[in-house]
Amino acid sequence: MYWIYILENIDDESWYIGYTTNLRRHVDEHSSGKGGQTTRRKYGWILIYCEGYKHQDDAKGRERYLKSGSGRKYLEEQLRNYLNK
């Protein structure tokens with residue numbers, strides 16, 4: 001299974017969008033400062049959204065879309081209750 005995930009930084013509310021086959025491990029790595037270059041610069045990442053896909057190409061395509069302007073608008077609508085906390 002391939003997972004698309006969105007992490008939010010608890011300090012500045014910035015987002016990180018990625019994909020993985022091991023969601024728990026990646027969230028733990030990002031949260032502990034062992035993740036990719038982008039998330040290593042900050043601490044305090046929490047998982048706010050994920051989607052599962054059977055095929056890697058579908059997950060990669062979805063990740064690309066969510067990182068686009070249209071994808072960001074989709075996420076803001078999808079997460080409107082969370083964002084209005």
| task | Could you walk me through whether E13 and N9 pass side-chain contact (heavy atoms from CB on, under 4.5 Å), step by step? | result | CA-CA 5 Å; E13 298 181 346; N9 185 270; over 6 Å; no
| request: With sequence neighbours excluded, tell me which residues meet side chain to side chain donor-acceptor pair (under 3.5 Å) with E76. | output: none
| field | Step-by-step salt bridge (Lys or Arg N to Asp or Glu O under 4.0 Å) determination, K73 to E77 | value | CA-CA 6 Å; K73 288 179 185 176; E77 178 62 24; over 6 Å; no
| field | cation_pi(R62, Y74) dist<6.0 Å, angle<=45 | value | yes
| task | Report the C-alpha separation of Y19 and K60 in whole Å, then their side-chain angles, then the decisive distance to 0.1 Å, and conclude whether the side-chain contact (heavy atoms from CB on, under 4.5 Å) test is met. | result | CA-CA 7 Å; Y19 91 99; K60 284 183 176 181; 2.9 Å; yes
Is there a side-chain contact between [X] and [Y] (heavy atoms, below 4.5 Å)?
X: W3; Y: E51; answer: no
X: Y2; Y: T20; answer: no
X: L79; Y: I48; answer: yes
X: C50; Y: L23; answer: yes

| Residue pair K67 / I17: nearest heavy atoms and the distance that separates them | CE-O, 3.1 Å
| field | Non-neighbouring partners of Y5 that pass ring-ring contact (aromatic ring centres under 6.0 Å, His included), sequence neighbours left out | value | H30
| task | Report the C-alpha separation of I4 and L66 in whole Å, then their side-chain angles, then the decisive distance to 0.1 Å, and conclude whether the side-chain contact (heavy atoms from CB on, under 4.5 Å) test is met. | result | CA-CA 9 Å; I4 303 301; L66 293 177; 3.6 Å; yes
How long is the gap from [atom1] on [X] to [atom2] on [Y], to the nearest 0.5 Å?
X: R24; Y: L47; atom1: CZ; atom2: CG; result: 10.5 Å
X: N81; Y: Q78; atom1: CG; atom2: CD; result: 10.0 Å
X: T21; Y: H26; atom1: OG1; atom2: NE2; result: 6.5 Å

| note | Across all chains, not counting sequence neighbours, the salt bridge (charged side-chain N to carboxylate O under 4.0 Å, His left out) partners of D12 are K42
| Is a side-chain donor-acceptor pair under 3.5 Å present for E8 with Y16? | no
| request: Applying side-chain contact (heavy atoms from CB on, under 4.5 Å), run through I46 and I10 and close with a yes or a no. | output: CA-CA 7 Å; I46 57 169; I10 58 174; 3.9 Å; yes
| said: Against L75, only a single residue in W15, Y65, Y82 fulfils side-chain contact (heavy atoms from CB on, under 4.5 Å); can you say which? | reply: W15
